[in-house]
Amino acid sequence: MSIFVTRRIPESGFAVLRAAGVPFEVGQDDDERPLDPALLRAGARRHPVLLCQLTDRIDREILGGPPRLRGVSQMAVGTDNLDLVAAAELGVPVANTPGVLTDATADLAFALLLASARRVVEGHHCVTGGRFFAWGPQLLLGSGVGPAPDGTRKTLGIVGFGRIGRAMARRAAGFDLRVLAWSRRRESVAASPDVHWCELDELFAQSDYVSLHVPLSPSTRHLVDARRLALMKPTAHLINTARGPVVDEAALVDALRARRLAGAGLDVFEREPIVHEGLLGLDNVVLLPHVGSGTHEVRTRMAVMAAESALAFLRGERAEWELERSGRD
Ligand code: NAP
Ligand code: GLV
């Protein structure tokens, strides 16, 4: 009876496992690369509980064994790498780490918004590249986020009004942004009086900044496609801290290249860790290596939550952060 920890996690998680006195094996003691899928399969054959990462693809074959898993504890909130339908059918419980990373991820989304709007990375490269010759009346002019001198407010469109979407709206209030939001359930937006629910296409057309916060599922894959990008203002910026495949990356490259879209701030990519080479050559993008929840404090707590869920599964108990076993998105 042991736990397979697919990759090295913060020490706080190992401390929970050690204190419980349960044996565990670490698949890969490496922070840089995902665990090889063959090693993942082999580990799942030796251990009935997995403590995994979003880089591990957990399919029906892994879940069903033999041996059939007693539980899968994922150290992330997104679960699109797991076959939840198979898990539900096979009766394998799954847990994730919701809530604890909400503020860190919204902070990063807002950082991307500001960086893209105010051309922060271009400015950095101007200085480090020895091209800062003097203050200039027209040097690196960006797009305002707070109100313009005449009081005109900018509009932020939030796609997916869950935990992180709502945290984004709270940050937007501090910048006096007008906030539109789309979520399937209109009532989740109605609870926030300063946020206006909006049809998705209208949100794309009206917003100066669009920030994505939906999970990846069949219905959100390429939700931002060439047609929706064409609805956006040429002065607008797209921010994605959700999942890469929510955006058609090739269409995004075309729009950015043609300056039909002013900029994009991306923490996630369609085929991570591969980044569309068109993005790499653009100056109107800010690109980060999927670090939305990446603060010391948050990762320390995520590791504890994931370890506690793994222990609960090993003991045949219900985990506190166990997902509903509906198998639907
Ligand atoms: P959440 O609380 O579940 O919010 C997601 C919201 O999206 C839901 O409230 C849901 O509201 C809406 N939604 C719209 N279309 C949906 C669909 N087809 N399926 C499911 N929900 C849909 O999740 P969260 O904690 O805010 O996290 C959101 C996503 O952010 C995660 O799934 C993950 O992919 C991503 N994330 C990324 C990072 C990073 O490092 N970049 C960190 C954390 C999370 P309705 O039911 O009203 O539609
Ligand atoms: C990170 O992307 C997460 O889903 O927790």
Side-chain angles (χ1 to χ4, degrees), residues 77-80 98-99 101-103 105-114 116-117 143 145 152-249 251-252 255-256 260-270 292 326 328-329:
V77 68
T79 50
D80 49 281
L101 43 60
T102 297
D103 284 306
T105 309
D107 285 348
L108 197 87
F110 220 90
L112 283 171
L113 188 160
L114 290 168
S116 188
S143 171
V145 177
T152 310
R153 295 162 77 204
K154 293 288 173 70
T155 299
L156 168 66
I158 298 176
V159 179
F161 207 63
R163 288 172 293 248
I164 301 171
R166 288 195 298 272
M168 196 64 183
R170 290 195 293 275
R171 282 151 183 75
F175 281 78
D176 208 2
L177 282 153
R178 180 175 161 253
V179 182
L180 304 175
W182 173 86
S183 233
R184 292 170 307 179
R185 289 171 303 112
R186 205 174 167 145
E187 61 274 18
S188 55
V189 178
S192 301
D194 295 330
V195 180
H196 307 284
W197 187 89
C198 185
E199 292 289 356
L200 202 49
D201 283 357
E202 197 187 329
L203 180 148
F204 276 82
Q206 284 198 23
S207 299
D208 299 293
Y209 303 101
V210 174
S211 190
L212 307 177
H213 300 289
V214 285
L216 175 62
S217 75
S219 59
T220 60
R221 185 174 293 273
H222 282 196
L223 179 130
V224 185
D225 56 7
R227 187 187 69 79
R228 286 228 162 87
L229 287 167
L231 295 174
M232 293 178 76
K233 301 177 188 178
T235 50
H237 296 251
L238 178 72
I239 310 303
N240 189 8
T241 57
R243 283 290 182 269
V246 174
V247 178
D248 178 342
E249 223 164 63
L252 177 63
L256 288 164
R260 281 185 270 109
L261 189 65
L266 309 174
D267 183 43
V268 288
F269 302 92
E270 208 170 340
S326 69
R328 285 181 288 111
D329 62 53

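Model, not experiment: these values are computed from the prediction.
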Chemist: Can you confirm whether V268 sits close enough to V246 that some side-chain heavy atom of one is under 4.5 Å from a side-chain heavy atom of the other?
Modeler: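 V268 does not reach V246 side chain to side chain.
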
Chemist: So, D103 and R170, do they make that salt bridge, N to O below 4.0 Å?
Modeler: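 So D103 pairs with R170 through a salt bridge.
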
Chemist: Starting at CD1 of I158, measure out to CD1 of I164 and round the result to the nearest 0.5 Å.
Modeler: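 So the gap between those two atoms works out to 11.5 Å.
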
Chemist: For E199, does the CD atom have more than 12 heavy-atom neighbours from other residues, nucleotides or ligands under 6.0 Å away?
Modeler: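 Incorrect, the count does not exceed 12.
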
Chemist: Would you please test L229 and V224 for side chain to side chain contact (heavy atoms under 4.5 Å, CB included) and show each step?
Modeler: CA-CA 6 Å; L229 287 167; V224 185; 3.7 Å; yes

Chemist: So, does R260 use its side chain to make a donor-acceptor pair with the main chain of A230 at under 3.5 Å?
Modeler: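 No, because the side chain of R260 does not come within donor-acceptor range (under 3.5 Å) of the backbone of A230.
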
Chemist: First locate atom CG of L266, then atom OG1 of T241, and finally report the distance between them rounded to the nearest 0.5 Å.
Modeler: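 The CG atom of L266 sits 10.0 Å away from the OG1 atom of T241.
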
Chemist: Is R228 paired with D248 through a side-chain N to carboxylate O contact shorter than 4.0 Å?
Modeler: no

Chemist: Taking all non-hydrogen atoms of both residues into account, name the closest pair between R243 and G78 and its distance.
Modeler: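 Looking at all heavy atoms of both residues, the closest pair is NH2-CA, 3.5 Å.
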
Chemist: Decide yes or no for F175 and L156: does some side-chain heavy atom of the first lie under 4.5 Å from some side-chain heavy atom of the second?
Modeler: no

Chemist: Side chains of R178 and L180, heavy atoms from C-beta outward: is any pair under 4.5 Å?
Modeler: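 In contact.
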
Chemist: What closest approach, in Å, do M232 and A236 show between heavy atoms, and which atom pair accounts for it?
Modeler: CE-CB, 4.0 Å

Chemist: So which heavy atom on T155 is nearest to which on L177, and how close?
Modeler: N-CD2, 4.2 Å

Chemist: I need the L212 CG to D267 CG distance, nearest 0.5 Å.
Modeler: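 So the gap between those two atoms works out to 12.0 Å.
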
Chemist: Please check if the side chain of D107 supplies one atom and the backbone of F110 the other of a donor-acceptor pair under 3.5 Å.
Modeler: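 A pair under 3.5 Å: no.
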
Chemist: List the atom of L223, the atom of S219, and the distance in Å for their closest heavy-atom pair.
Modeler: CD1-O, 4.3 Å

Chemist: Does W197 reach the main-chain N or O of S183 with its side chain, forming a donor-acceptor pair under 3.5 Å?
Modeler: yes

Chemist: From M168 CE over to L108 CG, what is the distance, rounded to the nearest 0.5 angstrom?
Modeler: 9.5 Å

Chemist: Set out, in order, the CA-CA distance, both residues' side-chain angles and the distance that settles side chain to side chain contact (heavy atoms under 4.5 Å, CB included) for V145 and L113, then state yes or no.
Modeler: CA-CA 9 Å; V145 177; L113 188 160; 3.9 Å; yes

Chemist: Within this structure, what is the OG-CG distance for the pair S211 and L238, rounded to the nearest 0.5 Å?
Modeler: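 Reported value, rounded in 0.5 Å steps: 8.0 Å.
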
Chemist: Looking only at heavy atoms, which two atoms of A169 and V195 are closest? And how far apart?
Modeler: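 Of all heavy-atom pairs spanning A169 and V195, the closest is CB-CG2, 4.1 Å.
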
Chemist: Are L261 and L252 packed together at the side-chain level, in the sense that at least one heavy-atom pair is separated by less than 4.5 angstrom?
Modeler: yes

Chemist: Would you call E270 and R221 a side-chain contact if the rule is heavy atoms closer than 4.5 Å?
Modeler: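 Not in contact.
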
Chemist: Quick one: NE2 on H237 to OG1 on T235, what's the gap to the nearest 0.5 Å?
Modeler: 7.5 Å

Chemist: Do we see a donor-acceptor contact under 3.5 Å between the side chains of S116 and Y209?
Modeler: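 S116 vs Y209: no donor-acceptor pair found between side chains.
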
Chemist: Got a donor-acceptor contact below 3.5 angstrom from the T220 side chain to the P215 backbone?
Modeler: yes

Chemist: Do R227 and D201 have side chains that get closer than 4.5 Å, going by heavy atoms?
Modeler: yes

Chemist: What's the shortest heavy-atom distance between H213 and A109, and which atoms?
Modeler: CE1-CB, 3.9 Å

Chemist: So does K154 get a backbone contact from the side chain of D208, meaning a donor-acceptor N/O pair under 3.5 Å?
Modeler: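 A pair under 3.5 Å: no.
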
Chemist: Compare all side-chain heavy atoms of F161 with those of R166 and state whether any distance is below 4.5 angstrom.
Modeler: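 Side-chain contact under 4.5 Å: yes.
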
